[in-house]
Amino acid sequence: MSSYLPPPGTSDIFPDEIPRWNFIESIARKTFSLYGYGEIRTPVFEYSEVFKKSIGQETEVVQKEMYSFEDRGGRELTLRPEGTAGVMRALMETDAPNGVETRVWYLGPMFRGERPAAGRKRQFHQVGVENVGKTSPEHDVESISMLMHFLEELKISDSKLLINTRGAQEDKVPAEKALRDYFSSHIDKMCKDCKERFNKNIWRILDCKMPECQESIRLSPDVKDFFTTSSKDYFKKVTELLTKQGISYEIDNRLVRGLDYYQHTVFEVTHSGLGAQNAIAGGGRYSIAVPGSSKSISGVGFAAGVERLIMVQDSLNAKLPILKDDFIFIASLGENAREKNFLLASELRKNGLNVLMELEARSMKAQMRSADKDHVSKVLIRGDDEISKNTVIIKDMKSGNQTEVAYSEIVKYLKLS
RNA sequence: GUGGUCGUAGCUCAGUUGGUUAGAGCGCUUGGUUGUGGCCCAAGAGGUCGGGGGUUCGAGUCCCCUCUACCACCCCA
């Protein structure tokens with residue numbers, strides 16, 4: 001029991017788990033590259049304004065989940081709670097706001113001050129993509145399609161794609177008016193969070209899960225009816241393209257998502273292999289204003305939770321490729337041999353071979369046991385006898401056979417066998 | 001932020017209605033004769049029983065507080 005545990009909601013990732021992370025990162029790099037995305041790395045903290053302005057002052061994330069602090073220069077900074085805002089801030093420096101299509105992906109830690117639970121950490125990792133500069137149903141569908149492709153490459157099956165639309169900027173006023181007109185006569189009997197949402201962010205009433213609100217929500221008007229024809233057509237085109245792409249989806253009228261910057265298409269991928277936190281990825285089309293600039297930037301993108309992807313893979317017992325390197329273990333007998341083998345180990349490593357070696361004086365038996373525990377493929381044995389004969393013994397651990405090899409032939413032998 | 005459950009060796013856990021020096025399995029280390037692993041056998045290391053306070057002659061066992069982890073709500077990845 002160690003005296004120091006990491007802070008609540010954070011965890012250490014040890015070497016034996018790293019291959020899982022590397023696998024996801026390598027699939028991300030490979031898959032997103034196929035669509036022309038390049039990796040971007042932005043700071044893990046930004047001016048707090050970057051998040052407040054883009055995510056929305058009244059959202060849960062900004063209201064109560066941000067890790068904010070003041071630095072020594074009195075700057076108000078925040079550890080990023082999500083990836084999009086910072087990436088947009090960075091892309092303002094490029095031609096993206098002028099409508100030049102830009103495709104980037106990222107992977108890194110995000111921070112939200114929430115109560116930890118299954119699949120929810122305070123420091124967690126997201127892998128995400130952003131396609132900025134152009135607006136069309138085709139772009140939205142390509143992004144969704146890439147997400148499904150990504151999940152497939154990760155051996156994640158049985159996921160469910162939910163989609164909805166939030167309409168364009170000009171749809172907001174009529175839609176919110178419709179919601180307000182309807183809910184004003186129901187809000188009395190709804191939960192206290194909804195009463196709050198009624199004033200601050202009425203859209204979020206739609207995905208309230210409190211029992212007392214369900215009836216009112218079920219009978220509420222479909223906001224899509226209040227959208228302009230072009231917004232309706234946009235969404236219709238998205239669903240048609242998805243169908244043509246052979247991507248199955250479910251339209252969820254209540255899917256609105258918690259960040260204010262979304263417009264038009266929003267989507268979420270859920271999986272039953274998690275707990276109550278069943279979303280493995282989410283995204284949509286957005287329009288973001290960045291502090292210090294009169295322009296806004298629009299794009300479509302998504303983010304997936306790396307920890308959750310790993311959890312789903314576990315729940316599915318996904319068959320993941322095991323990339324295990326073959327190691328050679330050098331066993332020495334006698335101090336003279338050990339010193340010489342120390343040099344030999346360096347030599348072999350410079351030839352690209354993975355080498356483990358016992359550095360202390362231990363019995364042959366102890367060295368063999370170590371070699372076995374380390375699951376090496378071969379043990380190279382060299383003691384005084386071999387030194388005088390200018391050879392080494394190479395034992396294959398699987399078959400148990402051993403061969404005497406001339407010292408000058410070692411590298412060749414190990415590389416061929 | 002609200003609620004529930006748990007917290008004994010590196011890991012998984014046992015520990016009887018509170019009673020002598022705290023246990024098991026796995027793992028780890030070392031040995032089972034001269035230079036050879038996996039099986040087997042033996043020995044050994046490793047625990048302020050999450051932390052603090054209280055009740056008691058006596059607390060891992062009971063009470064209170066606190067911390068963490070897990071789970072649910074809220075929300076999200």
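A:Lys378 has no side-chain polar atom (N or O) that falls below the 4.0 Å cut-off from OP1 or OP2 of B:rU36. The shortest distance between the side-chain N/O atoms of A:Ser363 and the OP1/OP2 oxygens of B:rG31 is below 4.0 Å.
For the pair A:Arg166 and A:Trp203, the cation-pi criterion (under 6.0 Å, within 45° of the ring axis) is fulfilled. Geometric assessment of A:Arg103 against the ring of A:Phe32 yields a negative cation-pi assignment under the 6.0 Å and 45° thresholds.
Of the candidate nucleotides B:rU29, B:rC76, B:rC73, B:rC73 has the atom lying nearest to any side-chain atom of A:Arg120. Between B:rA77, B:rU30, B:rC28, one nucleotide has an atom nearer to the side chain of A:Lys373 than all others, and that is B:rC28.
Across the protein-nucleic acid pair, A:Asp385 atom CG and B:rU34 atom P stand 14 Å apart, rounded to whole Å. In this structure, NZ of A:Lys64 is placed 11 Å from P of B:rG1, rounded to the nearest angstrom.
Near RNA chain B, defined here as any heavy-atom distance below 4.0 Å, there are no residues from residues 25-57 of chain A. Contacts between residues 300-312 of chain A and RNA chain B, defined by a heavy-atom separation below 4.0 Å, involve A:Ala303, A:Gly305, A:Arg308, listed by number.
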Treat a base pair as Watson-Crick or G-U wobble with both distances under 3.5 Å, then lay out RNA chain B in dot-bracket form, 5' to 3', with | for cross-strand pairs. (((((.(..((((.....[...)))).(((((.......))))).....(((((..]....)))))).)))))....
Using atom names, set out every protein N or O paired with an N or O of nucleotides 66-69 of chain B below 3.5 Å, distance rounded to 0.1 Å.
residue	atom	partner	partner atom	Å
B:rA69	OP1	A:Gly9	N	3.0

Show me the protein contacts with nucleotides 38-42 of chain B, counting only N or O atoms at under 3.5 Å.
residue	atom	partner	partner atom	Å
B:rG38	O4'	A:Asp372	OD2	3.1

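Contacts of A:Asn354 classified as side chain to side chain donor-acceptor pair (under 3.5 Å), with partners at least two apart in sequence or in another chain: none.
Counting any heavy atom pair closer than 4.0 Å across all strands shown, A:Glu196 reaches no nucleic acid atom.
Using a 4.0 Å cut-off between charged nitrogen and carboxylate oxygen, A:Lys121 and A:Glu307 do not count as a salt-bridge pair.
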